[in-house]
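Lettering of chains follows the sequences in order, A, B, ..., and the numbering in each one begins at 1.
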Amino acid sequence: MEEKLPTSLDKKLLPALSALQIRLSLRVRLTPLAQNIETVAGCDVAFTKEAAVAVAVLYRLRDLKLLETALARGPAPLPYIPGFLSFRETPCLLKAIRKLRQKPDVILVDGQGIAHPRGLGLASHLGLMLGIPSIGCAKSKLVGSYKEPAPERGSLSCLFLHHRPVGMVVRTRARVRPVFVSPGHLITLAEAVQIVLKLSPRYRLPEPLRMADRLTKLAKKGRLRPGDDK
DNA sequence: GCGACAG
DNA sequence: ATCTTGTCGC
């Protein structure tokens, strides 16, 4: 006898989560980085039924060298609901990022920063919880409007929401679909864009996100040693 | 009523 | 995101 429908959540849950996002968004700060950035962490999650597996990788920005990796497993609190992704992925991602031996200067996240209906995308949520500067780099947009950027690598086009610039549509590779960059926390849009371009010298997605995505899928299928590379 | 809709 | 074979292109 099935009593609960996977798609029917408590009627009071989403309104409560929306209120929480609005409250948290007021704490997000879009300020210039206080110091030079040496390391950037990339993170991603993969799901299997109700379980989630997250991976955090640490890169040295200067030469894009992989310094370390961390893995964590956990449950998926909620199903995927547009606008509430952070409540599904944040728990496991936090565990993985906190496992890194060295604290990253910046966190790069596969999702939106402030380019969100209530100004608190996954990247902003994670940065705020950790108190670390964060950048949102999504493969597609959630909200806002923009003009298609030029086909050359490095071309930019502002993403607007309510007449306000909340992100930048960035062409990281010539003639390839652009990515959507938005500041998460403790960083400016301009700084976020520069870092993403620096981390994407050859492929559409920044190296940290490509690596995190690859490791996350390896961990889901085959086995992945606690401390393993490539 | 008709689209849009991070992962 | 996840489910999946072959296939077009550099």
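- Residue A115(A) is classed as having no contact, given no heavy-atom separation below 4.0 Å to the nucleic acid.
- Two different hydrophobic clusters hold I107(A) and I37(A) under the rule that ILVMFWY side chains link at heavy-atom gaps under 4.5 Å.
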(request) For each nucleotide in nucleotides 1-7 of chain B, reading 5' to 3', give B when a protein heavy atom comes within less than 4.0 Å of its base, S when such contact involves only the sugar-phosphate, and - otherwise. (result) ----BBB
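- No salt bridge links D44(A) with R214(A); every basic N to acidic carboxylate O contact stays at or beyond 4.0 Å.
- For L209(A) and dA1(C), the CG to P distance is 11 Å, given to the nearest whole Å.
- Residues F47(A) and Y80(A) keep their aromatic ring centres 6.0 Å or farther apart.
- Look at K220(A) and you'll find a side-chain N or O under 4.0 angstrom from OP1 or OP2 of dT2(C).
- Summarising the geometry, atom OG belonging to S25(A) is positioned 11.0 Å from atom NE2 belonging to H125(A); distances are rounded to the nearest 0.5 Å.
- Classification of E148(A) and R171(A) as a salt-bridged pair holds, one side-chain N sitting under 4.0 Å from a carboxylate O.
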